[in-house]
Engineer: 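Sending over a structure as structure tokens; questions will come in a sec.
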Amino acid sequence: MAAESSGELTSHSGIPLKDLYTPEDIKDLDYARDLGYPGQPPFTRGVYKTMYRGQPFTIRRFTGVETPEQTNDLYKEELRLGQNGLAIAPDVPTSIALDSDNPRCEGDVGFCGVPIDTVEDMEIIFKDIPVEKVTCWCYTPYITGLYFAMADKRGVDLKALGGTTPAMGIFCPVPVDIPFKVSLDGEIRMAMDFAEWTALNVPNWHNTSVSVYGQKDNGMNNIQSLGLLIAASVEAADLWKARGKMPLEQFFRRISFEMAIANDMFEEICTLRAARRLWTKVCQERYGLTDRKHMQFRVRVQTSGCTNVAQEPLNNIIRIAYHMLSGCLGGAQAMHPNGYDEALCIPTDQSMLLSIRTLQILQEETNVTAVIDPLGGSYYVEWLTSEIEKGAWEYYKKIEGMGGICRATRSGFFVNEYKKANIDWDKKVDSGEKTVIGVNKYRMKPEEVPYKVPVYKFRPTAGQEKIAKLKKYKRERENAKVQAALDRLEKACRSDENIFEYLVQAYRSGATLQEGTDVCRKVYGLDTAQLMKL
Amino acid sequence: MVKDKRIRVLMAKPGMDGHWRGLVIVTQALRDAGMEVIHGGNMAVQEIAQAALQEDVDVVGLSIMTGNAVGMTEATVKELKKAGKGDVLLIMGGVIFEDDMPTLKKLGVDGIFTSGTPLQEIVEFVQQRVGKAKARD
């Protein structure tokens with residue numbers, strides 16, 4: 001027997017690790033039951049039969065800069081460089097559906113992403129971009145409404161559109177109060193109506209997606225993130241079923257997921273493998289699904305931003321490449337490599353180019369995509385996959401035991417989980433128990449670092465220009481028509497009609513992002529969870 | 001009544017940005033060091049100044065991750081002065097461009113702590129700068 005000479009080593013989620021794994025550690029593993037073949041339940045080895053040979057992972061970066069015009073240039077450049085999927089990073093006001101001219105947004109317009117107020121902004125962002133050919137990830141149903149309105153105005157058949165909205169992510173607990181957020185009841189109505197409308201009108205859209213990117217990036221470990229993901233997805237599926245407007249299979253047909261990918265390489269890989277197996281189990285056992293198309297855990301992964309540090313920023317290139325390798329070995333469908341300058345600014349041209357090339361090198365030079373699930377069968381990988389699956393299942397059951405994810409959230413459970421996770425992590429970094437190169441080990445004084453990197457320079461006047469443009473737009477549009485469309489939306493909100501249909505119509509009529517959302521704020525009230533008022 | 005000798009701090013994110021990790025961690029570190037910390041979360045700059053006044057704080061800590069540190073600080077300092085709280089110790093963390101640091105100092109920021117700063121460094125800075133003044137009260 002191997003001596004346990006390496007001391008108390010644990011994985012990032014706290015699973016104790018031995019220094020060697022042998023057949024003894026996976027003696028309960030049954031190939032057909034627990035692994036099977038790619039494209040077959042339980043999908044441990046991959047969601048598709050031919051995986052990357054048949055469908056290379058999509059290079060989909062989450063980006064946006066200070067104006068719609070500049071974002072259009074950026075997207076065209078990304079596509080020219082070989083990126084093949086888009087994801088709209090909204091600026092701070094857009095992310096919470098406030099207009100650029102809202103006085104409360106002073107100082108936030110055009111920062112961290114692109115400001116989008118109107119369907120015209122969306123038209124500018126996607127000018128000369130073949131939206132029927134390039135899939136697009138949209139942040140919220142509200143932003144997606146503007147995207148659909150743009151496509152419709154352009155005469156594009158909505159049935160040709162592909163993309164994703166993490167609409168069912170509403171049940172994933174956020175650790176902070178989001179100002180002006182619509183109440184959970186309103187968010188549920190919007191998410192469900194959005195998904196039902198999209199299932200009929202934009203059938204290729206991933207309309208029931210769930211993202212736990214932010215949850216992990218804010219401190220949850222892989223076991224917690226996966227447990228949460230299952231709990232949130234089950235909550236959404238149960239509600240879908242209870243509404244009874246569409247077959248349950250419809251909910252599962254276009255679901256997809258997003259996860260953050262961080263530093264513990266084997267844990268990241270095994271989490272993706274475990275997620276597929278666990279999801280299959282939920283689909284079969286809880287919902288009795290039988291068609292394998294309804295059990296596929298398709299996932300986009302993105303570098304967890306918190307792993308990128310400001311000290312010696314070029315080191316992040318290496319970290320990000322490892323993350324992407326983990327995602328690829330784990331069988332992800334789409335990937336986002338951060339810019340190495342993540343901790344300093346939004347990506348510069350240089351870091352954009354590097355992050356696209358990172359995936360192209362992985363995809364086209366390293367040959368790691370040639371063989372499906374190349375780590376399958378490793379004693380360690382199979383053992384760790386099972387451990388993550390067990391841990392995540394227990395975490396999900398714990399949440400279920402609290403009455404489901406909504407009750408657990410209201411009880412304050414997750415606030416404490418987040419606080420604990422963050423404070424623990426920081427203590428470990430401060431004490432040196434966890435190593436972050438250049439931060440708590442081999443740290444150099446800034447002046448000793450032999451290089452500087454360029455940072456993204458915002459155009460300081462861009463925000464003011466956007467505000468002026470929106471004010472002009474509001475003066476010049478047909479306000480009676482806009483008001484009528486908003487009234488119609490309100491009427492739908494107060495009845496049983498599909499509200500997303502009327503949201504898109506309102507945007508098509510010239511209503512702004514905030515005006516459409518304000519109707520929901522008015523009818524359903526604001527979220528008052530006050531989660532992180534410590 | 002004996003005046004509370006504890007250092008009073010308001011921690012806030014001016015504007016709407018949701019990158020909250022730094023704010024929460026620093027809040028906890030200052031509390032662990034025995035300070036009275038009001039965690040404001042996202043606040044408008046006017047709200048920050050009002051809270052600083054009402055809570056009679058010695059320190060205002062801002063966390064800014066959007067890239068607009070200069071704009072937000074300018075607006076916050078203006079409001080703090082208007083509220084008669086221009087004399088608080090103003091500290092800041094987040095994503096702060098190196099090129100902006102001289103401007104921020106000029107605007108009245110006393111300490112800038114970007115990511116990766118050991119928490120003890122922030123605690124000691126506040127204790128040294130405010131602690132002495134408090135002890136003299």
Side-chain angles (χ1 to χ4, degrees), chain A residues 66 91-93 95-96 98 102-113 174-180 214 217-219 305-306 308-311 342-346 415 418-419 421-423 425-427 429-430 436 438-440 443 446 452 455-458 460 463 530-534, chain B residues 11 13-32 37-47 62-76 78-79 93-101 103 113-123:
Chain A
E66 62 260 47
D91 73 348
V92 175
S95 71
I96 51 181
L98 294 183
N102 185 319
R104 190 65 179 77
C105 298
E106 177 94 43
D108 279 331
V109 179
F111 285 95
C112 266
V174 288
V176 66
D177 288 331
I178 299 172
F180 304 100
D217 197 34
N218 280 317
C306 66
N308 301 146
V309 302
Q311 291 74 17
E342 170 77 14
L344 303 174
C345 56
I346 63 171
V415 176
Y418 277 118
K419 263 175 74 175
N422 279 287
I423 290 159
W425 172 253
D426 235 66
K427 280 193 177 138
V429 173
D430 265 10
V436 186
V439 175
N440 68 356
R443 185 166 181 138
K452 292 249 182 243
V455 294
Y456 187 91
K457 289 283 177 201
F458 290 98
Q530 303 281 311
L531 290 177
M532 212 57 174
K533 292 281 186 229
L534 297 175
Chain B
M11 295 290 293
K13 284 182 73 63
M16 304 290 209
D17 172 52
H19 294 92
W20 58 274
R21 259 184 103 151
L23 193 74
V24 168
I25 289 165
V26 176
T27 295
Q28 194 62 39
L30 298 179
R31 278 183 188 160
D32 289 348
V37 188
I38 298 117
H39 178 273
N42 285 106
M43 296 174 98
V45 291
Q46 297 83 352
E47 290 171 351
L62 302 179
S63 170
I64 302 174
M65 315 287 269
T66 59
N68 191 18
V70 170
M72 284 301 191
T73 304
E74 217 166 3
T76 308
K78 195 175 132 202
E79 292 298 326
V95 176
I96 316 291
F97 302 142
E98 226 176 283
D99 289 359
D100 285 347
M101 291 193 186
T103 314
F113 305 96
T114 51
S115 70
T117 307
L119 292 170
Q120 197 51 31
E121 214 174 279
I122 306 174
V123 169

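Chain identifiers are assigned alphabetically (A, B, ...) following the order of the sequence lines, protein sequences preceding nucleic acid strands; residue numbering begins at 1 within each chain. What's counted below: heavy atoms across the whole structure, side chains too, no hydrogens, waters or symmetry copies.
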Engineer: Does any non-hydrogen side-chain atom of B:Arg31 lie less than 4.5 Å from one of B:Thr27?
Structural biologist: yes
Engineer: Given a strict heavy-atom distance threshold of 4.5 Å, which part of B:Thr114 is in contact with chain A: side chain, backbone, both, or neither?
Structural biologist: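 Neither part; nothing is under 4.5 Å.
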Engineer: Once you measure the plane-to-plane angle for A:Tyr418 and B:Trp20, does it fall in the parallel (<30°), tilted (30-60°) or perpendicular (>60°) bin?
Structural biologist: perpendicular
Engineer: Does any heavy atom of chain B fall under 4.5 Å from the side chain of A:Asn218, the backbone, both, or neither of them?
Structural biologist: both
Engineer: Under 3.5 Å, is there a donor-acceptor pair between the side chain of A:Asn422 and the main chain of A:Gly219?
Structural biologist: no
Engineer: Considering non-hydrogen atoms only, spot the tightest contact between A:Leu344 and B:Phe97 and give its length.
Structural biologist: O-CE2, 3.0 Å
Engineer: Considering residues at least two apart in sequence or located in another chain, which fulfil the salt bridge (charged side-chain N to carboxylate O under 4.0 Å, His left out) criterion with B:Glu79?
Structural biologist: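 Checked B:Glu79 against salt bridge (charged side-chain N to carboxylate O under 4.0 Å, His left out); matches are B:Lys82.
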Engineer: Under a 4.5 Å heavy-atom cut-off, does chain A meet the side chain of B:Ala75, its backbone, both or neither?
Structural biologist: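 Contact with chain A is absent: no heavy atom of B:Ala75 under 4.5 Å.
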Engineer: To the nearest 0.5 Å, what is the distance between NE2 (B:His19) and SG (A:Cys306)?
Structural biologist: 10.5 Å
Engineer: Between B:Glu47 and chain A, with a heavy-atom cut-off of 4.5 Å, which part of the residue counts as in contact: side chain, backbone, both or neither?
Structural biologist: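 It is the side chain, since no backbone atom gets that close.
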Engineer: Please classify the contact between A:Asp217 and chain B as side chain, backbone, both or neither, with a heavy-atom cut-off of under 4.5 Å.
Structural biologist: backbone
Engineer: Name the region of B:Ile25, side chain, backbone, both or neither, that has any atom closer than 4.5 Å to a heavy atom of chain A.
Structural biologist: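 When you check distances to chain A, only side chain atoms of B:Ile25 fall under 4.5 Å.
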Engineer: Is A:Ile346 in contact with chain B via its backbone, its side chain, both, or neither, using a 4.5 Å heavy-atom distance?
Structural biologist: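 Neither; nothing under 4.5 Å.
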Engineer: Most heavy-atom pairs under 4.5 angstrom with chain B, which of A:Ile178, A:Val439, A:Val92?
Structural biologist: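 Option with the top pair count is A:Val92.
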Engineer: Taking side chain as everything from C-beta outward and backbone as N, CA, C, O, which of these in A:Phe180 sits under 4.5 Å from a heavy atom of chain B? Side chain, backbone, both or neither.
Structural biologist: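 Looking at A:Phe180, just its side chain touches chain B.
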Engineer: With only heavy atoms counted, which part of A:Asp426 is less than 4.5 Å from chain B, the side chain, the backbone, both or neither?
Structural biologist: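 Only the side chain of A:Asp426 comes within 4.5 Å of chain B.
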Engineer: What part of A:Ile96 gets within 4.5 angstrom of chain B, counting heavy atoms only: side chain, backbone, both, or neither?
Structural biologist: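 It is the side chain, since no backbone atom gets that close.
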Engineer: Donor-acceptor pairs are to be reported for all side-chain atoms of residues 63-73 of chain B against protein atoms at under 3.5 Å, with residues two or more places apart or in another chain.
Structural biologist:
residue, atom, partner, partner atom, Å
B:Thr66, OG1, B:Asn68, N, 3.3
B:Asn68, OD1, B:Gly71, N, 3.2
B:Asn68, ND2, A:Gly107, O, 2.7
B:Thr73, OG1, B:Ala69, O, 2.6

Engineer: Where does B:Glu98 contact chain A at under 4.5 Å (heavy atoms): side chain, backbone, both or neither?
Structural biologist: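 For B:Glu98, the side chain is the part near chain A, not the backbone.
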Engineer: Does B:Asn42 use its side chain to pair, donor to acceptor, with the backbone of B:Gly15 at less than 3.5 Å?
Structural biologist: yes
Engineer: Could you tell me if the side chain of A:Asn440 sits less than 4.5 Å from the side chain of A:Asp430, heavy atoms only?
Structural biologist: no
Engineer: Where on B:Met43 is there a heavy atom nearer than 4.5 Å to chain A: the side chain, the backbone, both, or neither?
Structural biologist: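 Looking at B:Met43, just its backbone touches chain A.
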